[in-house]
Each structure stands twice: as C-alpha cells, then as structure tokens.
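The next block holds one structure in the form of structure tokens; read it before the comments.
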Amino acid sequence: MNVFISVYHVLNDIFISPLQGLLGKGKTREERKKDKEAKKVKESTDLMSEAIKNATSLSGKDTSEVLKNVLNDGEGDREGLSTFNYVIKDSYGKTIKSTFDARSRSEVEAFLINEGYQVESIELKKKTKLDMEITFGLKFKTGDLSFALTQLSTYIKAGIPLIDSVRILAKQTTKLSQRKIYEKLVFDLVAGENFSKALENQSDAFPRLLINMVKASEMTGDLPSTLDEMSDYYNSIEQTRKQMIAALTYPTIIFIFAVLVVAFILIWVVPNFVSMFAEAGGELPWITKFTIGASNILSKYYLIVMLVLLIAGIAYFIAYKNVKSFRKTMQIFYMRLPVIGNVMIYNEVTMFTKTFAQLLNHSVHITDSMAILSKISNNEVYKEIIANTMNTLSKGGKISESFRGHWAFPIVAYEMLVTGESTGQLGAMMERVSDHFNNLHKNAVTQIKSLIEPITIIFLAVAVGFILLSIFIPMFSLYSAVEGA
C-alpha cells in the first residue's frame with residue numbers, strides 16, 4: 001500500500017501541482033519548493049534542538065550557538081550576488097572565459113587583477129525567465145576531492161599559506177568547474193573568511209562532513225592532520241565504489257547481452273516457425289503457445305514495451321529520489337535480500353562508524369555528531385535510527401539503547417558500541433568496527449561477483465533453452481506424424 005501511496009504523491013508532484021501553478025490555482029513552483037524545504041528544516045530543527053538542549057548543557061555550551069552551527073551548516077551566505085561573465089588572460093597569455101559570482105563588477109575586477117590576470121572584459125550576465133541554476137558538474141568527485149585534500153595538506157605542511165595553497169590548486173586544475181570553485185574559495189579567503197566558511201559558501205561542491213571537520217580543526221589548530229584524515233576517508237569511499245563497479249560490470253554486460261539475445265530470438269527467429277506450425281495444424285504444447293504469444297507481443301509492440309520500461313525506470317528514479325516512504329520501502333527490501341542485503345548493511349555500518357569515529361576523535365560532541373550524521377546519510381533506515389538516538393540522548397539515555405536489537409545494526413557492532421560507551425573509548429571502538437565491517441564488505445562484494453556471473457549465465461542458458469525447446473517439441477511431433485503417414 002505504501003508503494004501506491006508513494007506513486008500517487010510522485011504523480012501529484014510531477015503533473016497535478018505544476019498544472020495548478022500554470023492555471024494560477026495555488027502557489028508557484030518556487031513557493032512550493034520553499035515551503036517544502038522550510039517544512040523539512042523545521043522537522044529537523046525540532047528534533048535536534050531538543051536533543052542538543054539537553055545534551056550540550058552538561059558541557060557548558062550555548063544551546064543556540066550549537067544549534068546554529070550544527071543545523072545551519074552547508075547553507076552559506078550567497079544572497080545578493082550577481083553572476084558576471086569575464087574574459088581574462090593568464091601569465092602564459094592563454095585566454096580564459098568563465099563566470100564569477102560577486103556583489104559588483106568592481107569586486108570581480110579587483111579579485112582577478114589581484115590574482116595576476118589581465119582583464120579583457122567583465123559583463124553582467126543577463127537573466128531570462130528560462131534561466132535555471134545548473135549545479136551539475138560543480139560537485140567534486142570523491143576521488144578528486146581526496147587527491148585535492150592530500151595536495152592541500154602537503155602545501156600547508158611545506159609552509160605555504162592556505163590561501164596560496166588554494167591558488168596553486170586553482171592554477172593547476174584542468175577542469176573549468178573545479179577552477180571556478182577554487183577561485184570562489186580564494187575570493188572568500190581574501191575577504192577574510194575562515195576556511196570552513198569559504199567551504200560552506202560552496203556547499204554544493206563540498207560534503208557537509210568535510211565542512212564540519214574543518215570547523216573542528218580550526219578550533220584545535222591542526223588543519224593538515226584533518227585534511228589527511230579526510231583524504232583517507234574519501235579515498236576509502238572511492239575504493240569501495242570502484243570495487244562495486246568492478247564487481248557488477250561483467251555480470252551487467254552478460255545480463256544485457258542475454259536480454260538482447262532472447263529478444264532477438266523472439267522477434268526475428270520464432271516468427272519464422274509460426275507459419276510452419278500453422279500450416280501443419282494440430283494442437284501445440286503450452287510451452288510453444290507461451291513462446292509464440294511472447295513473440296507476437298514483442299514483434300508488434302516492442303516500441304511500446306521499451307517505452308513502458310523507460311517510463312517505469314524514470315518513475316522509479318523520481319520516486320526513489322523524492323518520496324521518502326517509497327525510498328525507505330525499497331531500501332528495506334534491498335537490505336533484506338540475501339547477500340546483496342549484507343553488502344548494503346556492511347557498507348552503511350562502515351560509513352556510519354568511520355564517520356562517527358572521525359567526529360569523536362576531533363572532539364565533536366556526541367549530540368552534534370549525531371546531528372551531522374543524520375544530514376549526510378542517504379539511507380532512511382539509518383536516519384531513523386539516528387533520530388531515535390537523538391530522542392534517547394534528549395532523555396538522558398545512552399546511544400546504544402537505540403541500536404539494541406535493530407536488524408540493520410549487527411550484534412558485533414552493537415557490542416563494541418556498548419564497550420566503547422562503558423570504557424570511554426567510543427571513538428577508538430568505532431574505528432575498529434569500521435575496519436572490521438570494511439573487510440566484511442569487501443568479502444561480500446567478492447561473493448556477489450562470484451555468484452552473479454554463473455547466475456546470469458544460467459539465466460541465459462535457461463531462457464534460450466526454453467525457447468529452443470518450445471520450437472523443437474512440435475517439430476518432433478510433426479516429424480513423427482510425417483513418418484507415421
């Protein structure tokens with residue numbers, strides 16, 4: 001029932017609501033978007049503020065300040081900025097065309113001249129009603145981010161000031177989108193902003209976890225170590241992603257090939273036998289009738305079948321991305337599957353415990369850590385666990401109470417969580433849990449790879465064998481009838 005409700009809400013958001021906006025019945029798209037975001041923020045704020053109020057009061061922190069730092073991170077102050085198109089020449093005489101967001105043309109010109117560029121032209125970008133804010137491509141890939149953090153840490157350790165280190169990153173990158181991000185960082189740093197604030201102003205490009213970790217490092221004064229640790233963290237995520245891609249590439253190719261082979265046989269091979277069976281007459285076995293029926297449907301309506309599958313895929317993607325109840329239902333379904341479910345659970349536990357350990361080891365308060373974790377997790381099951389943890393902490397309980405007996409949190413991880421709480425070594429214990437489940441995840445990925453390959457091959461053999469059998473059985477009957485005559 002949840003799936004049907006979710007689909008209804010998706011269709012309502014896609015078709016009905018925009019139609020109402022066009023007809024003037026109701027709010028505009030921007031107003032609905034703002035209302036939706038405001039509602040989401042309010043729900044998050046109500047939950048976290050209560051927990052932070054109770055948990056941080058013990059350590060003498062100001063509740064309002066903690067709430068501001070935790071809940072409002074990743075937004076940045078970009079209001080009142082205009083986009084300017086500029087054409088410049090660098091020190092090598094190379095012409096560069098790009099855009100920059102600033103409050104005035106003079107700000108852009110002063111910044112570019114200060115960076116050593118020869119300014120050719122600066123013009124305010126004209127906006128039209130059809131203009132859309134495109135952020136695709138302006139987000140760092142995990143591998144690029146890991147490498148950039150390593151470089152930045154190396155430059156700072158070598159005695160190069162932070163702002164000059166970022167300038168070096170901007171000049172050496174060959175990607176225009178990344179250069180724009182670095183230039184905006186330099187602009188904010190020149191204006192006197194902290195590094196964490198500069199990152200926060202580019203929150204579309206940088207993960208919230210990194211921004212919060214840099215905030216913590218600015219308090220301790222150990223930015224290079226934090227950059228190294230975050231580099232290792234994102235490198236491990238990238239390695240996990242590559243392992244999953246490597247494990248699924250070959251089986252995916254085989255599966256697609258199998259589907260194409262079966263479709264080719266049904267559309268172009270089977271129809272050649274249909275006329276022969278019709279001329280011979282007689283009763284066909286059920287297996288042959290089934291194959292002929294499938295062949296007729298694909299032959300006549302293959303474009304409609306492809307269109308239906310495409311629409312279903314797009315609807316699934318939109319629903320999974322925008323409808324929380326549908327996304328949670330599908331995640332639970334996937335996590336309950338044999339083998340595949342273990343891979344998802346091991347990966348989530350690894351990321352959760354590793355991130356939690358990073359935050360705790362940098363003296364981030366437990367409640368603040370949970371607030372950050374709830375914002376960076378994409379899994380609704382674990383978001384629910386974290387929300388329950390926030391409620392438990394607000395009542396003076398322990399973290400482990402929310403994880404006790406939960407099917408998505410393995411017993412081994414729970415016991416080590418309890419041990420970490422009782423010994424005061426929660427950060428160290430979470431690191432060990434992360435390492436343990438990271439190894440389990442690698443083994444599970446290898447297991448999936450070894451299982452999917454033969455399963456896919458068996459699927460191809462069974463499908464093709466079924467079709468061939470449906471053709472050969474009546475042919476044998478015809479042959480026997482001819483011989484008997």
When rounded to the nearest 0.5 angstrom, what is the spacing between NZ in Lys94 and CD1 in Ile96? 6.0 Å
Value for CZ (Phe255) from CD1 (Ile457), rounded to nearest 0.5 Å, stands at 13.5 Å
N/O donor-acceptor pair under 3.5 Å between Ser146 side chain and Thr142 backbone: no
For Gln358 and Glu431, test the side chains for any donor-to-acceptor distance below 3.5 angstrom and give the result as yes or no. no
What closest approach, in Å, do Pro285 and Ile473 show between heavy atoms, and which atom pair accounts for it? CG-CG2, 3.8 Å
Is atom CG of Leu307 surrounded by more than 12 heavy atoms (other residues, nucleotides or ligands) closer than 6.0 Å? yes
Taking all non-hydrogen atoms of both residues into account, name the closest pair between Ser369 and Leu360 and its distance. OG-CD2, 4.2 Å
Under a 3.5 Å cutoff, is there a donor and acceptor pairing between the side chains of Asn438 and Thr350? no
Above 12 or not: heavy atoms from other molecules or residues under 6.0 Å from NZ of Lys300? no
So, for Pro410 and Val349, which heavy atoms are closest and what is the spacing to 0.1 Å? CD-CG2, 3.7 Å
Evaluation steps, side-chain hydrogen bond (donor to acceptor under 3.5 Å, both in side chains), between Ser236 and Lys354: CA-CA 10 Å; Ser236 66; Lys354 189 175 185 67; 4.6 Å; no
Any heavy-atom pair between the side chains of Leu145 and Phe206 that's under 4.5 Å? yes
So OG of Ser374 and CD1 of Ile385: to nearest 0.5 Å the spacing works out to 13.0 Å
To the nearest 0.5 angstrom, please state how far the CD1 atom of Ile372 sits from the CG atom of Leu359. 5.0 Å
Strictly distance-based, threshold 3.5 Å: is any side-chain N or O of Ser153 a donor or acceptor partner for the main-chain N or O of Leu149? no
Leu185 side chain near Asn201 side chain, heavy-atom distance below 4.5 Å: no
Donor-acceptor contact below 3.5 Å, side chain Thr249 vs main chain Ile245: yes
From the options Tyr414, Tyr382, Phe352, select the one residue that forms a ring-ring contact (aromatic ring centres under 6.0 Å, His included) with Phe403. Phe352
For the backbone of Val364 and the side chain of Asp368, can you confirm whether one donor and one acceptor N or O come within less than 3.5 Å of each other? no
Salt bridge (Lys or Arg N to Asp or Glu O under 4.0 Å) between Glu200 and Lys215, intermediate numbers included: CA-CA 10 Å; Glu200 191 173 331; Lys215 283 183 182 180; 3.5 Å; yes
May I ask you to decide whether Lys398 forms a salt bridge with Glu401, counting only side-chain N to carboxylate O separations under 4.0 Å? no
I want to check something: taking the side chain as every heavy atom from C-beta on, are Asn378 and Lys383 in contact at a cut-off of under 4.5 Å? no
CG-CE distance between Asn235 and Met230, expressed to the nearest 0.5 angstrom: 12.0 Å
I would like to know whether Phe140 and Tyr182 meet ring-ring contact (aromatic ring centres under 6.0 Å, His included); could you show each step before the answer? CA-CA 11 Å; Phe140 272 91; Tyr182 287 134; 5.7 Å; yes
Ignoring hydrogens and angles, state whether a donor on the side chain of Ser402 or Thr392 is under 3.5 Å from an acceptor on the partner side chain. yes
Compare all side-chain heavy atoms of Glu123 with those of Tyr86 and state whether any distance is below 4.5 angstrom. no
So, Ser394 side chain and Asn391 main chain: donor-acceptor pair closer than 3.5 Å or not? yes
Less than 4.5 Å apart, any side-chain heavy atom of Met429 and any of Leu417? no
May I ask you to test the Met370-Ile399 pair for a side-chain heavy-atom distance under 4.5 Å? yes
Does any donor atom in the side chain of Thr83 or Asp101 lie under 3.5 Å from an acceptor atom in the other side chain? yes
Sidechain-backbone polar pair: Asn342 side chain, Pro338 backbone, donor-acceptor under 3.5 Å: no
Working for side-chain hydrogen bond (donor to acceptor under 3.5 Å, both in side chains), residues Thr355 and Tyr233: CA-CA 8 Å; Thr355 307; Tyr233 173 81; 2.6 Å; yes
Side-chain (Gln331) to main-chain (Glu380) donor-acceptor, under 3.5 angstrom: yes
Closest non-hydrogen atoms of Arg327 and Asn322, given as atom of the first, atom of the second and distance, are NH1-N, 4.0 Å
Does any N or O in the side chain of Ser295 come within less than 3.5 Å of the main-chain N or O of Thr291, such that one atom is a donor and the other an acceptor? no
CE of Met416 to CD of Glu421, rounded to nearest 0.5 Å, is 13.0 Å
Counting heavy atoms not belonging to Tyr334, are there more than 12 under 6.0 Å from its OH? yes
Stepwise side-chain contact (heavy atoms from CB on, under 4.5 Å) check, Met330 with Tyr320: CA-CA 8 Å; Met330 296 309 301; Tyr320 190 87; 4.0 Å; yes
Considering only NZ, NE, NH1 and NH2 on the basic side and carboxylate oxygens on the acidic side, decide whether Lys175 and Asp144 come within less than 4.0 Å. yes
Please answer whether the main-chain N or O of Leu373 pairs with a side-chain N or O of Ser377 as donor and acceptor at a distance below 3.5 Å. no
Less than 4.0 angstrom from a charged side-chain N to a carboxylate O is my criterion; do Lys141 and Glu238 meet it? no
Any donor-acceptor N/O pair, Ser470 side chain to Thr288 backbone, under 3.5 Å: no
Taking every heavy atom of Thr173 against every heavy atom of Ala170, the minimum-distance pair comes out as CG2-O, 3.2 Å
Scanning both residues in full, the closest heavy-atom pair of Ile211 with Leu199 reads CD1-O, 3.8 Å
Can you confirm whether Phe290 is buried at CZ, in the sense that more than 12 heavy atoms of other residues, nucleotides or ligands lie under 6.0 Å from that atom? no
Within the 4.5 Å heavy-atom criterion, are Val412 and Val433 side-chain neighbours or not? no
Ser98 vs Arg179 side-chain heavy atoms within contact, under 4.5 Å: no
Go through the steps for Phe466 and Val262 under the test side-chain contact (heavy atoms from CB on, under 4.5 Å), then give the verdict. CA-CA 10 Å; Phe466 182 89; Val262 172; over 6 Å; no
